[in-house]
*Asks:* 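Submitted below is the structure of interest, expressed as C-alpha cells.
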Amino acid sequence: MRIINLDTITSCVYEMLKEINSKVSCKTLCALKEAANKEKSFLGKVIINEIIKNDELAKECSSPICQDTGIVVCFLELGNKVFIDGNINDAINEGVRRAYTDNFYRKSVVKSPITRINSQDNTPAIIYMKQTIGDTLKIKLMVKGAGSENMSKIKMLKPADGVEGIKKFVLDTVKEALGNPCPPISIGIGIGGDFEKAALLSKEALFLDDASKPEEIITLEKEIYEQVNNLGIGPMGLGGSTTCLFVNILTYPTHIAMLPVAVNIQCHAARHAERII
Ligand code: SF4
C-alpha cells in the first residue's frame, strides 16, 4: 500500500491551478493557430489572432487568460493500492483556496445558489472520484467559466430519435448559445447512462483524452464538427467558419427505453490539465 499525504495533493492542485489559469491547453492553442489560417471571415481571423495573442501574453506574464477564473472541477482516479490518511476533498479545496487567494484570481463561487454570498476563496471545488487499479492518484482539473457552462444542456431523447435526434439536439444547443460561450468552442457530448451519467460524461469529454473509440462515434464527431462549423456563428459569435475546434463524445451503456444526451460547451479559454501522483 502506498501512502499519499494530503500536503502532496494540496501542492499538486495549487500548482496545476496556477498553470491552467494562465495557460490554455496545448491542443486548444494548436487548434486556434490552425483555425486562424483557415478562417474565411476577415473579422473572424482577426478575432482568433487576438485570442492567440491573449493566450501567449497570459502565459508569458503568468496572468489569467480570462477574468472569469471559473469554478474548479476535479476528476480523481484513485488506485486501489493508495492510502490517503485524511479527507481528500479537504486537501483539494485547500489547494484551490491557496491558489485563488495567493494569485488574486477572481473568486467566483457563492456558498448558496439562493443567498448568493461569495465563499471568498473559490471553494468548494466540484469533485468526482472513481477507483482504478494501481498505486497512483490521477488528478484531472478543469477551470470552468460560466459563459460556456450556462449554455450547456441535457435532454432525455427517445431511442427512436436515433443519431439524427442526437445531432439535432447538439446543433440546436449551439445555435441557441450563439456568441455567449465565447467561440471557438469545444463540445463535450455524453450519450447514454442515465440523466446524471450523461451530464458527467459530457463534462469529462472536455478533457479531450485520446481514448480509442468505435468507428460510429468517430463518424458522429466528424459530422457534428462539420455541421457546427457550417452554422456561421464564428469566433465570438461575429460570423465566420470557425465555431468549434473540437467535438468529443463519451458514451456509456443505457436502458433499452432511454437515450440521454448531454452537451457541455467549453469556451476558447479551455483550461484543464492532469497529473499523476
Ligand atoms: S466563457 Fe470563457 S472566455 Fe468567455 S468570459 Fe467565460 S471563461 Fe472567459
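Just follow the structure's listing: the first ligand is 1, and inside any ligand the first atom is 1. Values below: all heavy atoms of this structure, side chains included; hydrogens, waters and symmetry mates excluded.
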*Asks:* Which ligand 1 atoms does D68 reach within 4.0 Å, using its non-hydrogen atoms?
*Replies:* 6 (Fe), 7 (S)

*Asks:* Among all the protein's non-hydrogen atoms, which is closest to atom 8 (Fe) of ligand 1, and how far away is it?
*Replies:* C66 SG, 2.3 Å

*Asks:* Would you please test K111 and Q120 for side chain to side chain contact (heavy atoms under 4.5 Å, CB included) and show each step?
*Replies:* CA-CA 9 Å; K111 288 187 205 172; Q120 300 293 347; over 6 Å; no

*Asks:* What atoms of ligand 1 come closer than 4.0 angstrom to any heavy atom of S148?
*Replies:* 1 (S)

*Asks:* If you measure from the Lys or Arg side-chain nitrogens to the Asp or Glu carboxylate oxygens, is any gap between E204 and K130 under 4.0 Å?
*Replies:* yes

*Asks:* Working to the nearest 0.5 Å, report the span between CD of E274 and CD1 of I20.
*Replies:* 11.5 Å

*Asks:* Any salt bridge between D121 and R98, counting N to O under 4.0 Å?
*Replies:* no

*Asks:* Tell me, which protein residue and heavy-atom name are nearest atom 2 (Fe) of ligand 1, and how many Å apart are they?
*Replies:* C267 SG, 2.3 Å

*Asks:* Measure the distance from atom 7 (S) of ligand 1 to every protein heavy atom, then report the residue, atom name and distance (to 0.1 Å) of the closest one.
*Replies:* R271 NH2, 3.2 Å

*Asks:* Can you tell me if, anywhere in C182, an N/O/S atom lies at a distance from atom 4 (Fe) of ligand 1 that is smaller than 2.8 Å?
*Replies:* yes

*Asks:* What atoms of ligand 1 come within less than 4.0 Å of a heavy atom belonging to H268?
*Replies:* 3 (S)

*Asks:* Using a strict 4.0 Å threshold on nitrogen-to-oxygen distance, state whether K167 and E226 make a salt bridge.
*Replies:* no

*Asks:* Decide yes or no for I189 and V170: does some side-chain heavy atom of the first lie under 4.5 Å from some side-chain heavy atom of the second?
*Replies:* yes

*Asks:* Is it the side chain, the backbone, both or neither of K144 that has a heavy atom closer than 4.0 Å to ligand 1?
*Replies:* neither

*Asks:* Looking at F75 versus F207, is the centre-to-centre ring distance below 6.0 Å?
*Replies:* yes

*Asks:* Distance under 4.0 Å to a non-hydrogen atom of G145: what atoms of ligand 1 satisfy this?
*Replies:* 7 (S)

*Asks:* Taking 4.0 angstrom as the limit and counting only heavy atoms of Q67, give me the atoms of ligand 1 inside it, by number and element.
*Replies:* 5 (S)

